[in-house]
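Quick notes on the structure that follows.
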Amino acid sequence: MPTLTPAFTTTDALKRARWRNSAWIRLLRHRMAVIGFVFCLAALLMAVFADALATHHPERTRIRDAFQAPSPAHVLGADHLGRDIWSRVVYGSRISIGIGVATVVLTGVIGAAFGLISGYFRQLDDPLMRVMDALMAFPGVMLAVAITAALGPSAVNVVIALTAVYVPRTARITRASVLVVREMDYVQAARALGAGHTRMILRHILPNSLGPLVVQLTFVFAYAVLSEAALSFLGMGPPPPTPTWGNIISDGRDYLREAPWICLYPGLAISVTVLGLNLLGDGLRDVLDPRMKVTQG
Amino acid sequence: MGRYLAGRLISTLIVLIIVSFISFCIMQMVPGDPALVMAGAAAPVDEVRRIREQFGLDQPFHIQLLRWYAGMLQGDLGQSITLGRSVVTAIVERLPSTVALACFAFLLTLVFGLIAGVAAALKQDSWIDHAIMTLAVIGVSVPSFWIGLIMIIGFAVMVDWLPAGGYITIAESPSGWFKSLVLPSIALALLQMGLLARITRASMIEVLRQDFVRTAQAKGLPRWVVVLKHAFMNVMIPVITVIGIVFSLLLSGSVVIETVFSIPGLGRLMATSIVTRDYPVIQGALLITAAMFVLINLLVDVLYAYFDPRIHYD
């Protein structure tokens, strides 16, 4: 007697095939996405283990070390007040990544809510989308600058401003996929079975609209890191001496001739983080949203 | 077409009204007394009262809102607090340098973005494609103001080829004007170039798969005719739709780029107004850029409907 029934082997093979084709595995095979993920992970670990990685206190000034070029004492050099650039960049990652994460979470929740409401309750669609259109009419950084100018420069206000900038775009994308999903047979079936609005939205529509939303939020993270740097550079971020990547570049701006390293390294940190997020976002899009293929698999 | 246009005009008008309301709300969002914030903590009581009365901040919300809309309809966006002139004058004075910078950057974006995108698509999966796409994703990842600073180090500090900043009007010296715009426009264009190259590549690959391209090739047309005449014209359709986005990104970027290169434009006006807490100027600059964006998008949509006969708007 064989120990395995044929039926069991089939389901097992099917499971394995499904696993092989699952989004996770396809993402792991996407070389660029993996590289992007590694960059993001590096930035994240830097933020988490900042205390262990930093060699100096990020805000401790030491005039004797001012403008010191990269050396064993200051691996990435020191700024005009003798503060260690490496330590400032490491601690700066906490603020930059933190603002990015907070913006992504807020934008995700509010944007998805607006998108779901707009796509599901059709009578609310027009007024909601007009407001989103109006918000999208402002050049992103300009709107963020105006909002932080009104509220005052701080990390929380930067998050509020960036959320206001990215919610409309996220809502639009969620709405677009909700409009497709709500016409699917299984959604109609659920409605026919008498499912209520909450159950319809949370159980059937939201999970099936998640793909484009996840892709969009990865790019929102990238934009948020870039915009936060720009806002800090303009003096609208967390006020100095708090180290943020934008603040450090802003400090180094007046000393391009004497100490180019002040500007150089925080900019590299921003670039690598954002590049990682963009590569990851491209990979996720290829895997989750095949219609919008930009890079090769 | 007529009905489509009318509908489009009405929704544009609605969006403009909301845009103006959001701009108005900026002053309302200031915590505490905006008059006190604008005058500065050390200002005498009379000065604070003067500002409060001048901007009607002592009036109830709906009166302030009515005043704002009434002023707007007459082309009056209020007085700047620090510049000693009206907001509209301050903006109009600074518009030429921003327009020049944006045009330069736009031209760079269009030429290099399109060429790179088409080249990558034609050589799909070759090393050329990979190189261009790697550069493009780097272009959309690097902060523009940082690239600006790096270019200053490279081209103005290490070798003295180009000015590190400042703006020379075309009337003063055409060559000086050109030189003063080279570095800022490259720094400003990089992001949009990368974006456009990626979009162009994707839509070109899409178009090259279409039947009419295969037909054109099958009837023996030379490759360049197929690419330039049949494929490229169709690629332009999705590309036109992102022109509005490119324009918006250019204005966003101008805030930091004009600050880095000390160009007296709209972006720098905004950046300095933040520092001086000149809220009327911030509101005005915000409103005018958004209005320009909305109108450009309207124009793009109309052109789009006009040039693409396959699209019917009902």
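Computed from a predicted model, the values in this text were never measured in an experiment.
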Using non-hydrogen atoms and a 4.5 Å limit, figure out which bit of B:Ile14 sits close to chain A: side chain, backbone, both or neither. side chain
Measuring heavy-atom distances to chain A, does B:Ile150 have an atom under 4.5 Å in its side chain, in its backbone, in both, or in neither? side chain
Tell me, out of [options], who's got the most heavy-atom pairs with chain A below 4.5 Å.
options: B:Met29, B:Met292, B:Met158; value: B:Met29
options: B:Thr259, B:Ile282, B:Ile152, B:Leu250; value: B:Thr259
options: B:Val294, B:Ile153, B:Ile245; value: B:Ile153

How close do A:Arg257 and B:Val157 get, counting heavy atoms only, and between which atoms? CG-CG1, 3.8 Å
Should [X] and [Y] count as side-chain neighbours, where that means a heavy-atom distance under 4.5 Å?
X: A:Asp282; Y: B:Arg198; value: yes
X: B:Ser23; Y: A:Phe138; value: yes
X: B:Val260; Y: A:Phe233; value: yes
X: B:Asn297; Y: A:Met136; value: no
X: B:Ser248; Y: A:Pro139; value: yes
X: A:Ile249; Y: B:Leu149; value: yes

Out of [options], which one racks up the most heavy-atom pairs below 4.5 Å with chain B?
options: A:Val145, A:Leu264, A:Val131, A:Leu277; value: A:Leu264
options: A:Pro266, A:Ala229, A:Pro260; value: A:Ala229
options: A:Val225, A:Ile147, A:Leu279; value: A:Ile147
options: A:Val272, A:Leu268, A:Leu143; value: A:Leu268
options: A:Gly252, A:Gly267, A:Gly276; value: A:Gly267

Is [X] close to chain B through its backbone or its side chain, or both, or neither, when contacts mean heavy atoms under 4.5 Å?
X: A:Ala230; result: both
X: A:Met236; result: side chain
X: A:Leu231; result: neither
X: A:Pro153; result: side chain

In this structure, are over 12 heavy atoms from other groups packed under 6.0 Å from [X] atom [atom1]?
X: A:Tyr223; atom1: OH; result: no
X: B:Phe247; atom1: CZ; result: yes
X: A:Phe37; atom1: CZ; result: no

Qualifying residue for side chain to side chain contact (heavy atoms under 4.5 Å, CB included) with B:Val140, from A:Leu226, A:Asn278, A:Val274: A:Asn278
Polar side-chain atom of B:Ser252 near backbone of A:Val141 as donor-acceptor pair, under 3.5 Å: yes
